[in-house]
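Worksheet: one structure, shown below.
Nothing here was measured: the structure is a model prediction, and the numbers come from that model. Heavy atoms only: backbone and side chains are in, while hydrogens, waters and symmetry mates are out.
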Amino acid sequence: MVDVQWWLSGYDNRVHAFGCAGAGREFGEALCEHSVPNDKITCTDVGERCLACLLIYGDMLADTHGDAVWRAS
């Protein structure tokens, strides 16, 4: 499982899930492939989250933790 941090992009003002694998580069790449220079990333998770990042990360969680039994109330 990729360790992700939810950070605000100065390009689209959305909070994206950035993987730590890209550390040390001049730009960050989110799970949704949104690319932004490091100086345009704010280390905060406050704001509107990227829907694509949420879906990709949710899928990663499901793969890691296995299928759950879901029921409607």
Side-chain angles (χ1 to χ4, degrees):
M1 174 97 167
V2 175
D3 183 29
V4 301
Q5 299 291 321
W6 292 91
W7 293 334
L8 181 66
S9 166
Y11 277 167
D12 66 359
N13 292 318
R14 288 203 173 116
V15 176
H16 292 269
F18 289 91
C20 294
R25 294 190 294 184
E26 295 179 12
F27 63 92
E29 184 174 349
L31 296 180
C32 69
E33 298 183 359
H34 175 76
S35 181
V36 61
N38 289 334
D39 63 350
K40 295 275 188 188
I41 297 172
T42 304
C43 294
T44 181
D45 63 357
V46 176
E48 181 181 345
R49 295 211 178 192
C50 168
L51 181 58
C53 283
L54 285 169
L55 292 171
I56 293 167
Y57 188 61
D59 191 49
M60 291 167 59
L61 287 173
D63 287 345
T64 300
H65 298 289
D67 292 331
V69 177
W70 296 95
R71 288 193 227 177
S73 326

| Which class fits the ring pair Y11 and H34: parallel under 30°, tilted 30 to 60°, perpendicular over 60°? | perpendicular
| Looking only at heavy atoms, what is the nearest atom pair of C53 and A17, with distance? | SG-N, 3.4 Å
| task | Could you state whether Y57 and I41 fall into the same hydrophobic cluster, counting links through intermediate Ile, Leu, Val, Met, Phe, Trp or Tyr residues with side-chain heavy atoms under 4.5 angstrom apart? | result | no
| remark: Here the gap from M60 atom CE to L31 atom CG, rounded to the nearest 0.5 Å, amounts to 5.5 Å
| message | Just so I know, are the side chains of V4 and F18 near enough to count as touching, which here means a heavy-atom distance under 4.5 Å? | response | no
| If you measure from CG on N13 to SG on C50, what distance do you get to the nearest 0.5 Å? | 13.0 Å
| message | Assigning hydrophobic clusters by single linkage (Ile, Leu, Val, Met, Phe, Trp, Tyr; side-chain heavy-atom cutoff under 4.5 Å), is V36 placed with I56? | response | no
| Are K40 and S9 close enough that some pair of their side-chain heavy atoms sits under 4.5 Å apart? | no
| message | Show me the pairs that pass salt bridge (charged side-chain N to carboxylate O under 4.0 Å, His left out) and involve residues 41-56, at least two apart or across chains. | response | R14-E48, D45-R49
| remark: For S35 and F27, the nearest pair of non-hydrogen atoms, with its separation, is OG-CD1, 3.4 Å
| note | Checking T44, L54, V46 against W6 for side-chain contact (heavy atoms from CB on, under 4.5 Å), the one that qualifies is L54
| Contact check, side chains of L55 and D59, non-hydrogen atoms, under 4.5 Å | no
